[in-house]
J.: 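Quick one: the structure is below, and I'll ask about it shortly.
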Amino acid sequence: QVQLVESGGGLVQAGGSLRLSCAASGLTFRTYTMGWFRQAPGKEREFVAAISWSEGSTHYADSVKGRFTISRDNAKNTVYLQSHSLKPEDTASYYCAGARSAQAMGHIYEYDYWGQGTQVTVSS
């Protein structure tokens, strides 16, 4: 049974930082492309960042480029999302996702497994 469990969300002031973690189990983590998505109230889920299985390739949404960094530790079966210079518009539930495809990038349909999400609230 595949499980993706996010943690690290919370309330932070604008300009602050957070590091989200996603612990994976039940899958061969090192062979999966991992991604982060987010969904704000009343909005569709949107892509944030993705990292290839080999950590050789990362991809970011334009809205977070230069402020967020995705990384992974295959020994710990964990993917991270480090965020800096947070803005109120970053407020959302953040979801971790795993894709079997090495070509997966920013599309929801490319991902096979999803976590339950962790809430990030950025106050102004």
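Given the structure is predicted, the values throughout are model-derived calculations rather than measurements.
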J.: With side chain to side chain contact (heavy atoms under 4.5 Å, CB included) as the criterion, how do Tyr113 and Arg100 come out once you've worked through the C-alpha distance, each side chain's angles and the decisive distance to 0.1 Å?
T.: CA-CA 9 Å; Tyr113 300 105; Arg100 295 188 187 94; 2.9 Å; yes
J.: Is Tyr111 reachable from Val64 through a run of hydrophobic residues whose side-chain heavy atoms are each under 4.5 Å from the next?
T.: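 Each belongs to a different hydrophobic cluster.
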J.: When rounded to the nearest 0.5 angstrom, what is the spacing between OG in Ser93 and CD in Gln39?
T.: 7.5 Å
J.: Run the side chain to side chain contact (heavy atoms under 4.5 Å, CB included) test on Arg38 and Leu81 for me, step by step, so that the C-alpha distance in whole Å, both residues' side-chain angles and the decisive distance to 0.1 Å come before the verdict.
T.: CA-CA 12 Å; Arg38 66 187 182 186; Leu81 185 69; over 6 Å; no
J.: To the closest 0.5 Å, what do you measure between NE2 (His84) and CG (Leu18)?
T.: 10.5 Å
J.: Working note: Ile70 + Arg72, criterion side chain to side chain contact (heavy atoms under 4.5 Å, CB included); need CA distance, chi angles, decisive distance, verdict.
T.: CA-CA 7 Å; Ile70 188 171; Arg72 66 190 297 160; over 6 Å; no
J.: Do Phe29 and Thr78 have side-chain heavy atoms sitting under 4.5 Å apart?
T.: no
J.: Taking the side chain as C-beta and beyond, is there a heavy-atom pair between Gln119 and Thr91 under 4.5 Å?
T.: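 In short, these two side chains touch, coming nearer than 4.5 Å.
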J.: Check whether Tyr80 and Met34 end up in the same hydrophobic cluster, where Ile, Leu, Val, Met, Phe, Trp and Tyr are linked by side-chain heavy atoms less than 4.5 Å apart.
T.: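 Tyr80 and Met34: separate clusters.
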J.: Between Phe68 and Tyr94, how do the two ring planes meet: parallel, tilted or perpendicular, split at 30° and 60°?
T.: tilted
J.: Might you work through the side chain to side chain contact (heavy atoms under 4.5 Å, CB included) test for Arg67 and Asp90, ending with a clear yes or no?
T.: CA-CA 11 Å; Arg67 299 187 299 122; Asp90 293 317; 2.8 Å; yes
J.: If you look at every heavy atom in Ala14 and Pro88, which pair is closest and at what distance?
T.: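 Here Ala14 and Pro88 meet closest at CB-CD, 4.1 Å.
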J.: In this structure, are over 12 heavy atoms from other groups packed under 6.0 Å from Glu46 atom CD?
T.: yes
J.: So which heavy atom on Trp53 is nearest to which on Ala102, and how close?
T.: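 Answer, listing the atom of Trp53 first, then Ala102: CD1-CB, 4.2 Å.
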J.: Cluster question for you: counting only ILVMFWY and a side-chain heavy-atom cut-off of under 4.5 Å, with indirect links fine, are Tyr32 and Val2 together?
T.: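 Yes.
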J.: Over 60° means perpendicular and under 30° means parallel, so tell me whether Tyr95 and Trp114 are parallel, tilted or perpendicular.
T.: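 Rings of Tyr95 and Trp114: perpendicular, over 60°.
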J.: Side chains of Phe47 and Met105: does their closest heavy-atom pair fall under 4.5 Å?
T.: no
J.: If you round to the nearest 0.5 Å, how far is CG of Leu4 from CD of Glu6?
T.: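 Rounded to the nearest 0.5 Å, the CD-CG separation comes out at 7.0 Å.
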J.: Charged N to carboxylate O under 4.0 angstrom, Lys65 versus Asp62?
T.: yes
J.: Quick one: which of Ser21, Ser71, Cys22 gives a side chain to side chain contact (heavy atoms under 4.5 Å, CB included) with Val79?
T.: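 Only match with Val79 under side chain to side chain contact (heavy atoms under 4.5 Å, CB included): Cys22.
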J.: Same cluster for Phe37 and Leu27 if Ile/Leu/Val/Met/Phe/Trp/Tyr side chains link at under 4.5 Å?
T.: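 As far as the 4.5 Å side-chain criterion goes, Leu27 and Phe37 are not connected within one cluster.
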J.: So how far is it from Gln103 CD to Ser52 OG, rounded to the nearest 0.5 Å?
T.: 10.5 Å
